[in-house]
Structures are given as structure tokens and as C-alpha cells.
Amino acid sequence: MINIAIDGPAGAGKSTISRLVAKQLNILHVDTGALYRAIGLYIIRCKISFDDVESIQKEIKNCKLSIKYIDKEQRVFIFDEDVSDLIRTLEVSKAASIVSAIGEVRDYLLDFQRNIAKKESVVMDGRDIGTVVLKDADFKIFLEASVDIRAKRRYDELLKKGEKVILDDVLKDIEKRDFWDSTRKTAPLLAAEDAIVIDTSNLSIDESVKRVVDLVKKGIYGGL
Ligand code: DC
């Protein structure tokens with residue numbers, strides 16, 4: 001069993017890189033941001049105001065979140081509906097960032113995430129995987145990139161999906177999320193002390209994947 005924790009800010013390439021690393025190592029990829037996004041979408045659908053923390057705390061227990069692997073790709077479900085594609089909008093990004101600051105939401109997802117990693121070898125990506133969720137992970141990677149590059153990557157991604165967006169709005173959204181994610185009281189975005197930091201600003205996806213896979217292989221052959 002191997003647990004690899006990959007953390008970093010929005011747009012650093014975590015999900016794409018983690019998915020490809022998992023594929024090369026033939027283990028599961030767990031995109032934990034998708035879980036926060038699914039809860040964000042659920043709260044939007046419940047028409048609960050984001051200021052009404054008490055109602056959000058009560059309601060999350062009812063959302064019946066689950067994940068399944070279809071052709072080795074993670075899909076996220078609320079009740080029995082596959083919401084994996086619906087959670088990729090800017091509206092849901094904002095909702096996810098807000099609900100992720102609520103302690104009860106994090107506690108609920110903590111067990112959910114740990115239970116997966118207990119049973120399977122995983123590459124798990126998020127914000128607090130190396131610092132909180134999988135503190136004893138075999139490998140901890142922290143991916144970084146400049147804010148302008150991260151905004152441009154997110155912008156291109158959203159355009160590809162057919163969303164009409166303005167680069168400056170995406171940049172502001174990323175800056176706001178960086179601020180929320182790194183200043184919240186519970187499990188803020190932070191590199192674990194024993195994490196290896198990789199700046200992907202000037203690396204292609206393939207180069208970033210290779211760096212991580214090489215590190216893991218070196219660790220495994222070196223006896224971890
Ligand atoms: O990685 P992402 O953009 O899909 O994440 C969506 C939001 O969820 C992001 O604003 C931060 C939050 N998140 C978190 O707080 N902890 C995680 N482990 C993963 C995501």
C-alpha cells in the first residue's frame with residue numbers, strides 16, 4: 001500500500017498531474033476538491049444561504065455523497081446523480097471554497113477520505129492532505145505556480161468546457177480563493193514540513209508528472 005499526498009493552490013495542476021501519476025503507478029486517484037465542490041453544489045440546490053452556517057452544518061449529513069471509479073476515473077455522486085461535470089463551474093468553485101471553511105464539512109469529509117486511503121493505494125490531491133488527512137503519507141508533494149499562470153490555466157480549462165469567462169474574473173477568483181483557503185482557521189492551505197515543493201510554473205504537465213513519478217520510484221527503490 002502506498003499513499004501519496006499532493007497539495008497546492010487552485011490551478012497549480014494538482015488534479016491533472018495527480019490523475020496521470022496515479023495512472024502511471026496504476027493506483028487510485030482521489031480528487032478531494034471534487035468532494036467539496038459536490039457539497040457546494042448540494043448547498044446551492046438546497047437554496048441555503050452561505051451565511052447560514054448552522055443550516056449548512058445540519059444539511060451536509062443528508063447529501064449522500066459517494067464516489068465510484070468508472071474506467072479508473074473518479075466520478076462523484078449526490079444521491080445517485082453523477083454530478084462530476086456539473087461541479088466544474090465558477091459558481092460551484094466559489095461555493096466549494098466557502099463550505100470548505102466550515103469545520104463540520106471538513107470533519108465529515110475527513111473520515112470519508114481516510115476510509116478510502118485505508119483500503120487502497122492512492123494519489124490523493126487537495127489542500128490539507130499532507131498536513132491533516134494523510135499525515136503519515138509515504139510521499140508528500142506540494143505543487144506551486146505563479147498566480148498569473150494558474151489563472152491562465154483555469155481560464156483555458158473553462159473556455160474549453162464552453163463557459164464564457166473573462167481572464168481577469170478568473171484571476172480575481174483565484175486570488176480570493178487563495179486568500180480564503182490559506183487564511184481559514186480549520187486546515188488552511190499549507191505545505192507540510194516534510195513535503196517536497198515543486199514549482200510547475202515553467203513545467204509542462206508531462207514534466208511535472210515525471211518529477212513526481214521519479215520521486216516516488218526513487219523512494220520505493222530506496223526502501224521508502
Ligand atoms: O481543487 P479544487 O479547486 O477543486 O477545490 C475546490 C475547493 O475546495 C477549494 O476552494 C478548496 C477546497 N478544498 C479544501 O479545502 N480541501 C481539500 N482537500 C480540497 C479542496
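These figures come from a predicted structure and were not determined experimentally. These numbers come from the heavy atoms of this one structure, side chains and all, not from hydrogens, waters or symmetry mates. First listed ligand is number 1; within each ligand, the first listed atom is number 1.
Those atoms of ligand 1 with a heavy atom of R106 less than 4.0 angstrom away are 14 (C), 15 (O), 16 (N), 17 (C). Which parts of ligand 1 touch S100 is read off a 4.0 Å heavy-atom cut-off, strictly below it: atoms 12 (C), 15 (O). Residue R37 approaches ligand 1 through these ligand atoms, each under 4.0 Å from one of its heavy atoms: 2 (P), 3 (O), 4 (O), 6 (C). Taking every heavy atom of G126 and a limit of under 4.0 angstrom, the matching atoms of ligand 1 come to 17 (C), 18 (N), 19 (C).
From the protein, the heavy atom lying nearest to atom 8 (O) of ligand 1 is Y36 CB, 3.4 Å. The single protein non-hydrogen atom nearest to atom 7 (C) of ligand 1 is A96 CB, 3.7 Å, given as residue, atom name and distance. Among protein heavy atoms, the minimum distance from atom 19 (C) of ligand 1 is reached at T32 OG1, 3.4 Å. Among protein heavy atoms, atom 1 (O) of ligand 1 sits closest to R127 NH1, 2.9 Å.
For the atom pair CD of E73 and CZ of R19, the computed distance is 5.5 Å after rounding to the nearest 0.5 Å. Taken to the nearest 0.5 Å, the CG atom of L203 stands 11.5 Å off from the NZ atom of K210.
The local environment of CG in N115 is crowded, with over 12 non-hydrogen atoms from other residues, nucleotides or ligands closer than 6.0 Å. Crowding of E175 atom CD: a count of heavy atoms from other residues, nucleotides or ligands under 6.0 Å exceeding 12. Summarising the local packing, CG of D214 is surrounded by more than 12 heavy atoms from other residues, nucleotides or ligands at distances under 6.0 Å.
Residue D128 has at least one N or O atom closer than 3.5 Å to an N or O atom of ligand 1.
Only the side chain of R154 comes within 4.0 Å of ligand 1, judged by heavy-atom distances. Only side-chain heavy atoms of R177 come within less than 4.0 Å of ligand 1; its backbone N, CA, C and O stay farther off. At a heavy-atom cutoff of 4.0 Å, ligand 1 is contacted by the side chain of D181 but not by its backbone. Contacts between M124 and ligand 1, counted as non-hydrogen atom pairs separated by less than 4.0 Å, are absent for every part of the residue. Under 4.0 Å from ligand 1, heavy atoms of S97 appear from its side chain as well as its backbone.
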When the side chains of residues 31-43 are checked against the rest of the protein, which donor-acceptor pairs come out under 3.5 Å, sequence neighbours left out?
from, atom 1, to, atom 2, distance (Å)
D31, OD1, G33, N, 3.1
D31, OD1, A34, N, 3.2
D31, OD2, R88, NH2, 3.1
T32, OG1, D125, O, 2.6
Y36, OH, R106, NH2, 3.1
R37, NH1, I87, O, 2.9
R37, NH1, S93, OG, 3.3
R37, NH2, S93, OG, 3.4
Y42, OH, E59, OE2, 2.6

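Looking at R150 and S201, their side chains never bring a donor and an acceptor atom within 3.5 Å of each other.
Cation-pi geometry between K68 and F77 is met: under 6.0 angstrom from the ring centre, within 45 degrees of the axis.
Residues in residues 140-149 take part in these side-chain hydrogen bond (donor to acceptor under 3.5 Å, both in side chains) pairs, two or more places apart or across chains: K140-D194.
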